[in-house]
A.B. asks: 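Here it is, the structure, as structure tokens.
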Amino acid sequence: MGATLADIAAHAGVSEATVSRVLNDRPGVAPAKRQAVLTALDVLGYERPAGLRRRTGRPVGVILPEFTNPIFPAFAQALAPNFARRGFTPLVGSQAEGGLHEAEYVEMFVEAGAAGIVFVSGAHSDTTATVTRYQELRAVGLPLAFVNGFREGIDAPFFSIDDRAGIVLAVRHLVAMGHTRLGLASGPENLVPTLRKVEGFRQAVAEALGDAAAAPVVPSMISDDGGLTAARSLLEAGCTGIVCASDIIALGVLAEARRRGLDVPRDLSVVGFDDSTVARHSWPPLTTVRQPVGTMSIAIADAFVGEMNHIYAQRTEYVYQPELVVRESSGPPRR
């Protein structure tokens, strides 16, 4: 067992005596060091002693921003069977208002012995947030994966929809139908996906309509209320086509159009982003940009299995191409 203790100790960054204490479930070991040893056991493929063994599949933490936006639970739902087939049990946490925050879920999942954590549109997507905690988790060997949002300096794979390409598809669709006054309800300005969407929007409008074309961008919360507020500004600017950073925002735009007595799509065309469940059931059904949630979830689960077997995913961003789904909320402008 000496060589094994040495391997575990080297991976966890602790002494062999500490490893021995953890394996024998003895007191006197700091929680962070205990977790580092348990993580090292999992990552290196050693079986835990009976007293430290889990009764179900090894848990994997999945942290979502919220449940109200259906694209987030869609990721959890798609990840669950992919993890289950690979011997993992997802532990899902949602950062509902008044509930736990990301850092608190991280601590909870680490204490529960999670084999790794997936962050969906988490603090990693916020350009104003620090990445120190992620770096600390990687320093003890805990596998991580990040969805939609990229930050330098984190030793982990990232999986993202191509936000720029998705918005370009939406703009080209509206221009092809004859729209020349387009606006973007972009989402919060501090988010990486928002910055990419704004870049794609301005680039696509300039290429299709010229550099001088009006192309107002209104930041908004990712909610139907955010869509309502953004729609007011964009409609007052004369937009006949509004591209939205999410389907939830688009619902607010549709609501404001109804409040003003506008016909969608004759008076106003609206394009969402995500192709979440609300897109198919809104009225009119929403033209939107589809995220390949299923494909991304398979890749994330495969990456975790690779980490466990020392086949590491590239420390880069895997970018997935979107698809435009045309429904009834977009059409030629009224002449």
Side-chain angles (χ1 to χ4, degrees), residues 62-66 68-72 74-76 79 94-95 101-103 105-106 117-138 144-171 184-205 215 217-223 226-227 230 243-250 271-276 288-293 295-297 299-300 303 313-322:
V62 178
I63 303 179
L64 310 176
E66 55 173 310
T68 53
N69 185 341
I71 193 61
F72 299 133
F75 270 106
L79 284 167
S94 171
Q95 302 174 71
H101 296 293
E102 181 177 289
Y105 274 118
V106 167
I117 302 177
V118 180
F119 298 86
V120 179
S121 300
H124 68 280
S125 65
D126 185 344
T127 58
T128 65
T130 178
V131 299
T132 302
R133 183 55 178 142
Y134 302 134
Q135 293 168 334
E136 291 172 348
L137 293 171
R138 286 298 301 129
L144 307 177
F146 298 89
V147 179
N148 287 337
F150 178 75
R151 297 289 296 278
E152 296 284 353
I154 305 176
D155 178 28
F158 291 76
F159 302 84
S160 299
I161 181 73
D162 190 333
D163 292 289
R164 297 183 190 89
I167 295 298
V168 168
L169 287 175
V171 169
L184 175 67
S186 67
E189 294 177 283
N190 57 306
L191 299 184
V192 171
T194 296
L195 298 175
R196 292 172 170 178
K197 287 181 171 78
V198 170
E199 182 181 334
F201 178 73
R202 288 178 171 152
Q203 172 191 334
V205 170
V217 173
V218 177
S220 63
M221 298 300 295
I222 303 178
S223 65
V243 181
C244 304
S246 81
D247 294 339
I248 290 293
I249 294 174
V271 180
F273 200 103
D274 288 334
D275 195 28
S276 58
T288 187
V289 176
R290 175 177 293 163
Q291 285 207 58
V293 173
T295 302
M296 294 170 70
S297 298
I300 293 165
Q314 292 185 20
R315 272 30 185 175
T316 185
E317 185 176 23
Y318 297 86
V319 180
Y320 293 80
Q321 291 306 301

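The analysis underlying the following values was restricted to heavy atoms, covering all of them including side chains, and did not include hydrogens, waters or symmetry mates. Residues take their numbers from the sequence shown, with the count starting at 1.
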A.B. asks: May I have the step-by-step check of side chain to side chain contact (heavy atoms under 4.5 Å, CB included) for Ile63 and Gln95, ending in yes or no?
C.D. replies: CA-CA 8 Å; Ile63 303 179; Gln95 302 174 71; 3.7 Å; yes

A.B. asks: Answer yes or no: is there a side-chain heavy-atom contact under 4.5 Å between Val198 and Leu184?
C.D. replies: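 The answer is yes; the side chains approach within 4.5 Å.
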
A.B. asks: Hey, does Arg315 have a side-chain heavy atom less than 4.5 Å from the side chain of Pro157?
C.D. replies: yes

A.B. asks: Roughly how far, to the nearest 0.5 Å, is the OG1 atom of Thr132 from the CG atom of Leu137?
C.D. replies: 11.0 Å

A.B. asks: Restricting to salt bridge (charged side-chain N to carboxylate O under 4.0 Å, His left out), what partner residues turn up for Arg196, sequence neighbours left out?
C.D. replies: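 Scan of Arg196 (salt bridge (charged side-chain N to carboxylate O under 4.0 Å, His left out), adjacent residues dropped) gives Glu317.
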
A.B. asks: Tell me which pairs pass salt bridge (Lys or Arg N to Asp or Glu O under 4.0 Å) where either residue lies in residues 118-127, with sequence neighbours left out.
C.D. replies: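 Found none.
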
A.B. asks: Take Val192 and Thr127, measure what side chain to side chain contact (heavy atoms under 4.5 Å, CB included) needs, and give me the verdict at the end.
C.D. replies: CA-CA 7 Å; Val192 171; Thr127 58; 3.8 Å; yes

A.B. asks: With respect to Tyr318, which candidate in Phe159, Phe150, Phe146, Phe158 satisfies the ring pair (Phe, Tyr, Trp, His ring centres under 6.0 Å) definition?
C.D. replies: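 That would be Phe159; it is the only one of Phe159, Phe150, Phe146, Phe158 passing the ring pair (Phe, Tyr, Trp, His ring centres under 6.0 Å) with Tyr318.
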
A.B. asks: Once the angle between the rings of Tyr134 and Phe119 is folded into 0 to 90°, is it parallel (under 30°), tilted (30 to 60°) or perpendicular (over 60°)?
C.D. replies: perpendicular

A.B. asks: Could you check whether any side-chain heavy atom of Ile161 comes within less than 4.5 Å of a side-chain heavy atom of Pro292, counting everything from C-beta outward?
C.D. replies: yes

A.B. asks: What I'd like to find out is whether the side chain of Ile71 reaches to under 4.5 Å of the side chain of Phe273, using heavy atoms alone.
C.D. replies: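 No. Closest side-chain heavy atoms not under 4.5 Å.
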
A.B. asks: The criterion is side chain to side chain donor-acceptor pair (under 3.5 Å); which residues satisfy it with Arg164, sequence neighbours excluded?
C.D. replies: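 Counting only residues at least two positions away or on another chain, Arg164 forms a side chain to side chain donor-acceptor pair (under 3.5 Å) with Glu199.
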
A.B. asks: With a 6.0 Å cut-off (strictly less than), is the heavy-atom count around CD of Glu189, excluding the residue itself, greater than 12?
C.D. replies: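 Atom CD in Glu189 is not crowded, with 12 or fewer foreign heavy atoms closer than 6.0 Å.
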
A.B. asks: Do Ser297 and Phe75 have side chains that approach each other closer than 4.5 Å (heavy atoms only, starting at C-beta)?
C.D. replies: yes

